[in-house]
Amino acid sequence: MKKIEAIIKPFKLDEVKDALNEIGIQGITVSEVKGFGRQKGHTELYRGAEYVVDFLPKVKMEIVVPDNLVLKVIETIQNTARTGRIGDGKIFVTNVEEAIRIRTGEKGEVAV
């Protein structure tokens with residue numbers, strides 16, 4: 001099993017969620033996060049004073065899937081979240097050693 005973490009622009013969340021639902025992904029954890037990458041934030045003007053916004057709002061999606069679905073999920077997120085502009089986000093893939101469903105005690109892929 002793999003855990004896929006995707007950091008995307010907030011306005012793309014519904015579109016990505018719907019696309020993942022279409023390929024059969026049922027469980028997604030979503031968090032509102034802030035951060036910056038190459039874009040390093042930007043400068044804004046408020047009441048005549050300039051200030052730096054160096055942490056931009058993003059959404060972090062976490063999905064645990066069987067190994068055979070990893071490429072399909074990555075492609076779906078990439079194709080749906082891409083705007084072609086800086087700050088589109090990142091996708092990280094890590095190994096998951098075990099998953100346990102608390103309610104039933106099921107383990108492994110059936111717990112996902």
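- Residue Glu98 qualifies as enclosed at atom CD: its count of foreign heavy atoms under 6.0 Å is above 12.
- Taking both residues in full, the closest heavy atoms of Val112 and Val64 are given as CG1-O, 2.9 Å, listed atom of the first, atom of the second, then distance.
- In terms of modelled atom types and a separation under 3.5 Å, the side chain of Lys12 and the main chain of Ile77 share no donor-acceptor contact.
- By the criterion of side-chain heavy atoms lying less than 4.5 angstrom apart, applied directly or through intervening Ile, Leu, Val, Met, Phe, Trp or Tyr residues, Val33 is not grouped with Val93; the two fall into different hydrophobic clusters.
- Counting only heavy atoms from C-beta outward, the side chains of Leu20 and Val73 approach each other to under 4.5 Å.
- In this structure, Ala111 and Ala99 approach most closely via the heavy-atom pair CB-O, 3.6 Å.
- Taking both residues in full, the closest heavy atoms of Lys72 and Thr76 are given as O-OG1, 2.7 Å, listed atom of the first, atom of the second, then distance.
- If you take CD1 on Ile7 and CG on Asp88, they are separated by 13.0 Å, rounding to the nearest 0.5 Å.
- Rounded to the nearest 0.5 Å, atoms CD (Glu97) and CE (Met1) are 9.5 Å apart.
- Shown are Met61, Glu62, Glu5; of these, the side-chain contact (heavy atoms from CB on, under 4.5 Å) with Thr29 is made only by Glu62.
- The side-chain heavy atoms of Asn95 and Lys2, taken from C-beta on, include a pair separated by under 4.5 Å.
- The side-chain heavy atoms of Lys58 and Lys34, taken from C-beta on, include no pair separated by under 4.5 Å.
- Once rounded to the nearest 0.5 Å, the distance linking CG of Leu69 with CD of Glu109 reads 8.5 Å.
- Within 6.0 Å of CD1 in Ile100 there are more than 12 heavy atoms belonging to other residues, nucleotides or ligands.
- A single hydrophobic cluster is seen to contain both Ile74 and Ile28, as judged by linkage of ILVMFWY side chains at heavy-atom distances under 4.5 Å, directly or through other members.
- Side-chain atoms of Thr83 come within 3.5 Å of backbone atoms of Arg85 as a donor-acceptor pair (strictly under, hydrogens ignored).
- Shown here for Ala19 and Thr80, the closest heavy-atom pair between the two residues is CB-OG1, 3.5 Å.
- Listed here is the closest heavy atom pair of Gly27 and Ile63: O-CG2, 3.8 Å.
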